[in-house]
Amino acid sequence: MELLYALHLPVTLLLSLTPLWFSVRVLRLPWINPFSIALAVALPVQLMKLLAGPLVLLDDGIFDVGYQFALLMTDVQSLAQLGGLLFFYKLAQALRLERFLPMKRVMLQAADFARTKWLFLALFGVAFFLLAHAEFGVLNWIANPRAGYQLYRTGQGQWYAMAVSCVAVAYLMDVLQKPRPGAIIVSTAFFMALVYLLGSKGNMLAVFVSALIFLWFLDWKHLGRVFLIGTPLLFGLLVVNLFLALGNAFDLQSVLEYFDYYKNAADYYNAYLNDQLPLFWGKVSLSSLWGYVPRSLAPDKPVVYGVLLVNEFFYPGQAELTNTPAFGGAVEQFADFGVIGVIVFGFFSSQSIVQGLLSYLIFRKPGIKLQAMSLGGVALLLIQFAPSFGLFLPGFLYVLLLGFVLFSMRVLRGRPTRPARPARPTRPTGPTGPTGPTGPAEGLPAS
């Protein structure tokens, strides 16, 4: 049994690479592609979650029964998501989905992207000011973004969500305004500083991954060097962010304790397997609908809803204090209906549906070229590659945000330039008229 447990972790890591298999075998992309780039950047963090954290935090380490069950549910979820990804990609292919892509003939120019960029940078500034000024203070937030992110977002979540999405839109517009490698690197450095102010490590990772993907679209020969140089610099920023969060407790033990996702999952599955915590039978999914409602519009909105129902069992009263430890191992999908929930929610996950449909449109037909973008192409990039766009916005709120961005671009769009009409050719009048390749049509005698 111990040998089986020891072999289980490599299997889980192998199954986490299914998007790479999809990109190479199904989409026929080279080994270095947007899927492999995202996986490569995420791999160190994933290893810390899967292995380093549990080894330190669990008494039995990787041989803990709950931990092994969490790995099993991760495997089931990976396979279900792969099945959904293949199904929706084939569906897009069968429907020839490119025929239904809206606004694919609305072509955009650099000035259009510049106008949209400045609009959303201004909206980001407004949202950040309202977020920081509400409780913590703007200067305090700038001095310690991590503390602001962790302790002072309660009741101000709408401004945080708006700031994240606005900076994502502005970054994409800046890239499309000047789709050149040097300009993208400069833009990434600037927007990384803005994203740092939001206090989340995930947002910084998202900007870095997006930059590498945009450079890939440009087929830049130095992409590998940027990855090798940029990754340590990025993780240095993440360490600074983590230091701000841990303060005086910043040591190896504290860092490893930060990656408690699978330790929390092991606790949940141990409680479930020992009949201490029954399934919720839909309460997690249904109550998560509260995520659609801003607290400013519903002051009586419950603090505990969605997966926080699980948190409340292990950490009673902590959600109200904004302490909400995360669970790995597909706990949120399992908590309602068990293994069936992991399979169904995995197959029909937004990741499987969106990635399947958009992979066809982006990498097959009509395809994406950063140097010649339509409004429809911008919509594809916003959904798939704009860093953290629409984060924290569920369902129709995400669609409303996407519609607002595209509507703004349409309104701000300048008058399209038309190519000058070519002059009517003149007919040669004598024996000295032009001959050869630029002369009369082939097969006709020269004048």
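Predicted, not measured: the structure shown is a model, and the values here were computed from it. Scope of the values below: all heavy atoms of this structure, side chains included, with no hydrogens, waters or symmetry mates.
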Beyond-backbone contact of Asp112 with Leu412, side-chain heavy atoms, under 4.5 angstrom: no
Atom NE2 of His222 with >12 non-hydrogen neighbours under 6.0 angstrom: yes
Asp267 and Tyr67: side chain donor to acceptor below 3.5 Å: no
Any donor-acceptor N or O pair under 3.5 Å, side chains Asp64, Asn270: yes
Distance-only donor-acceptor check, side chains Ser349 and Ser352, under 3.5 Å: yes
Trace of the side chain to side chain contact (heavy atoms under 4.5 Å, CB included) decision for Tyr269 with Leu72: CA-CA 11 Å; Tyr269 286 119; Leu72 179 61; over 6 Å; no
Heavy-atom donor-acceptor pair, Ser36 side chain to Leu20 backbone, under 3.5 Å: no
Ring geometry between Phe69 and Phe334 (parallel below 30°, tilted from 30 to 60°, perpendicular above 60°): perpendicular
Side chain proximity check, Leu43 to Leu47, heavy atoms < 4.5 angstrom: yes
Minimum-distance pair of heavy atoms, taken over all atoms of Tyr171 and Thr188: OH-OG1, 2.8 Å
Parallel, tilted or perpendicular: rings of Phe385 and Phe214 (30°, 60°): perpendicular
pair Asn264-Val331: side-chain heavy atoms closer than 4.5 Å: no
Under 3.5 Å donor-acceptor, Asp260 side chain and Lys263 backbone: no
Side-chain donor-acceptor contact under 3.5 Å, Thr324 with Asn311: no
Nearest atoms (heavy-atom pairs only) where Phe345 meets Ser285: CZ-OG, 3.6 Å
Trp141 CH2 to Leu151 CG distance, which is reported to the nearest 0.5 Å: 9.0 Å
Atom of Ala163, atom of Ala127 and distance for their closest heavy-atom approach: N-CB, 3.8 Å
Interatomic spacing from CD in Gln276 to OH in Tyr268 - rounded to 0.5 Å: 12.0 Å
Closest contact, heavy atoms only, Met107 versus Met373: CE-O, 3.6 Å
Heavy-atom check, side chain of Ser374 versus side chain of Val106, under 4.5 Å: no
Within 6.0 Å of CG in Asn274, more than 12 heavy atoms from elsewhere: yes
Derivation and outcome, side chain to side chain contact (heavy atoms under 4.5 Å, CB included), residues Ser408 and Leu119: CA-CA 9 Å; Ser408 300; Leu119 169 64; 4.0 Å; yes
Main-chain N/O of Ser200 paired with Asn203 side-chain donor or acceptor, under 3.5 Å: no
Interatomic distance, Leu172 atom CG to Phe191 atom CZ [nearest 0.5 angstrom]: 10.0 Å
Heavy atoms from other residues, nucleotides or ligands near CG of Leu400 exceed 12 (cutoff 6.0 Å): yes
Verdict with reasoning, Ser359 to Phe35, per side chain to side chain contact (heavy atoms under 4.5 Å, CB included): CA-CA 10 Å; Ser359 290; Phe35 293 84; 3.5 Å; yes
4.5 Å side-chain heavy-atom contact, Met173 and Met409: yes
Heavy atoms of other groups near Tyr272 OH, more than 12 under 6.0 Å: no
Minimum side-chain heavy-atom gap Leu279-Asp336 below 4.5 Å: no
Arg153 NZ/CZ over Tyr149 ring centroid, <6.0 Å and within 45° of normal: yes
Approximate separation, where rounding is to 0.5 Å, of Gln318 CD and Leu308 CG: 12.0 Å
Residues Tyr360 and Glu98: side-chain donor-acceptor under 3.5 angstrom: yes
Separation of Ile343 CD1 from Gln81 CD (nearest 0.5 Å): 12.5 Å
Contact summary for Leu212 and Leu223, nearest pair of heavy atoms: O-CD1, 3.6 Å
Row check, Phe259 ring normal vs Lys49 NZ/CZ: under 6.0 Å, within 45°: no
Contact list for residues 156-174, test salt bridge (Lys or Arg N to Asp or Glu O under 4.0 Å), sequence neighbours left out: Lys117-Asp174, Asp174-Lys178
Validation row: Met162, Phe124 side chains within 4.5 angstrom (heavy atoms): no
Gap separating the CD atom of Gln68 from the CE atom of Met73, nearest 0.5 angstrom: 11.5 Å
Ring pair (Phe, Tyr, Trp, His ring centres under 6.0 Å) partners for Tyr398, two or more places apart: Phe389
Residues Phe392, Tyr160; criterion ring-ring contact (aromatic ring centres under 6.0 Å, His included); working and verdict: CA-CA 9 Å; Phe392 307 116; Tyr160 188 86; 5.7 Å; yes
Derivation of the side chain to side chain contact (heavy atoms under 4.5 Å, CB included) call for Leu82 and Trp21: CA-CA 10 Å; Leu82 177 62; Trp21 174 87; 4.2 Å; yes
Thr74 and Tyr262 side chains, donor-acceptor separation under 3.5 Å: yes
Exam field: side chain Thr12 to backbone Asp75, donor-acceptor pair closer than 3.5 Å: no
Aromatic plane relationship, Phe314 with Phe327 - under 30° parallel, 30 to 60° tilted, over 60° perpendicular: tilted
pair Tyr261-Leu50: side-chain heavy atoms closer than 4.5 Å: no
Closest non-hydrogen atom pair, Met192 against Met204: SD-O, 3.6 Å
